[in-house]
Amino acid sequence: MVLKLHGHAVAPLVRLVAEVCREKDIPYELIDVAVYKGEHKTPAFKEFQPFGQVPYIDDDGFILYESRAICRYLVKKYEAQGTQGLIPKDPQGEAFFEQAVSIESSNFYPFALGISVEKIIKKHRGLEADEAKVSHLLGNLNSKLDVYETILGQQAYLAGEDVTLADLFHLPYAAIVIEELGYNVLENRTNVERWWKAISSRPAWQVVKNSA
């Protein structure tokens with residue numbers, strides 16, 4: 001049975017899961033969820049994703065939601081195929097990986113998501129962005145990326161010299177901030193810019209960057 005990925009094709013975290021599927025050579029079928037019509041908030045959808053958010057997967061009857069948990073599951077289940085090392089196995093490597101995952105979830109995602117909500121989600125809802133809030137979020141994001149610049153001046157990727165899921169977790173919302181909204185957060189950050197080019201040019205991401 002082909003893995004079923006339930007979500008809207010352009011939703012950022014749906015594209016993240018699709019990217020990992022392609023990194024690991026996992027065939028999948030996208031089951032479209034009409035989020036702009038509120039389909040993800042219906043009882044039928046919430047039976048499988050109780051928070052009413054996309055995506056969730058159905059892997060031959062195994063249901064799992066939360067994109068980062070899904071990505072970890074796929075990397076471990078399909079360990080022998082596709083891109084290797086996305087979750088390191090040795091204790092120190094895994095510890096550095098978990099550290100990098102925490103960096104992304106605490107020091108990148110909240111600010112990039114907040115900017116996306118203000119500039120994109122509100123627009124779809126016919127609302128105006130709170131530009132003062134955007135400026136505050138952008139200031140916080142820039143201060144965090146200054147630390148990224150230091151870390152990435154010492155190693156190629158956030159967990160060390162090899163790419164991991166922690167790097168890939170940045171892809172959808174960094175693409176929104178940098179490419180879709182055009183905020184120049186790479187300026188004067190040569191290490192961050194080099195890292196961003198390395199992860200955003202990956203063939204798997206290029207296939208799904210616009211649609212899962």
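Computation of the quantities below employed the complete heavy-atom set of this structure, encompassing side-chain atoms and omitting hydrogens, waters and symmetry-equivalent molecules.
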Side-chain (Gln84) to main-chain (Glu79) donor-acceptor, under 3.5 angstrom: yes

Side-chain (Asp59) to main-chain (Leu3) donor-acceptor, under 3.5 angstrom: no

Check: Pro88 and Phe96 side chains under 4.5 Å, non-hydrogen atoms: no

Check: Lys144 side chain, Phe108 main-chain N or O, donor-acceptor pair, under 3.5 Å: no

Aromatic ring pairing Trp195/His170, orientation class (parallel under 30°, perpendicular over 60°, tilted between): perpendicular

Stepwise salt bridge (Lys or Arg N to Asp or Glu O under 4.0 Å) check, Glu131 with Lys119: CA-CA 9 Å; Glu131 294 297 341; Lys119 300 296 287 187; 2.9 Å; yes

Whether His124 and Tyr36 hold their rings parallel, tilted or perpendicular, with breakpoints at 30° and 60°: tilted

Exam field: side chain Ser143 to backbone Asn140, donor-acceptor pair closer than 3.5 Å: yes

Side-chain donor or acceptor of Arg15 paired with backbone N/O of Lys209 under 3.5 Å: yes

Glu98/Arg72 ion pair, N-O < 4.0 Å: yes

Leu186 vs Asn184 side-chain heavy atoms within contact, under 4.5 Å: yes

Side-chain (Glu149) to main-chain (Thr190) donor-acceptor, under 3.5 angstrom: yes

Geometric class of the His6/Tyr56 ring pair [parallel <30°, tilted 30-60°, perpendicular >60°]: parallel

Non-hydrogen side-chain atoms of Val17 and Tyr28 separated by less than 4.5 Å: no

Donor-acceptor contact below 3.5 Å, side chain Gln81 vs main chain Lys24: yes

Ion pair Glu193/Arg189, N-O distance below 4.0 Å: no

pair Glu180-Ile120: side-chain heavy atoms closer than 4.5 Å: yes

ILVMFWY cluster, Ile70 and Val10 together (side-chain gap under 4.5 Å): no

Donor-acceptor under 3.5 Å (Arg194 side chain, Gly153 main chain): no

Return a table of donor-acceptor pairs under 3.5 angstrom between the side chains of residues 199-206 and protein atoms on other chains or two or more places apart.
residue : atom : partner : partner atom : Å
Ser200  : OG   : Trp196  : O            : 2.6
Ser201  : OG   : Lys197  : O            : 2.6
Ser201  : OG   : Ala198  : O            : 3.4
Arg202  : NE   : Glu23   : OE2          : 2.8
Arg202  : NH2  : Glu23   : OE1          : 3.0
Gln206  : NE2  : Ser200  : O            : 2.6

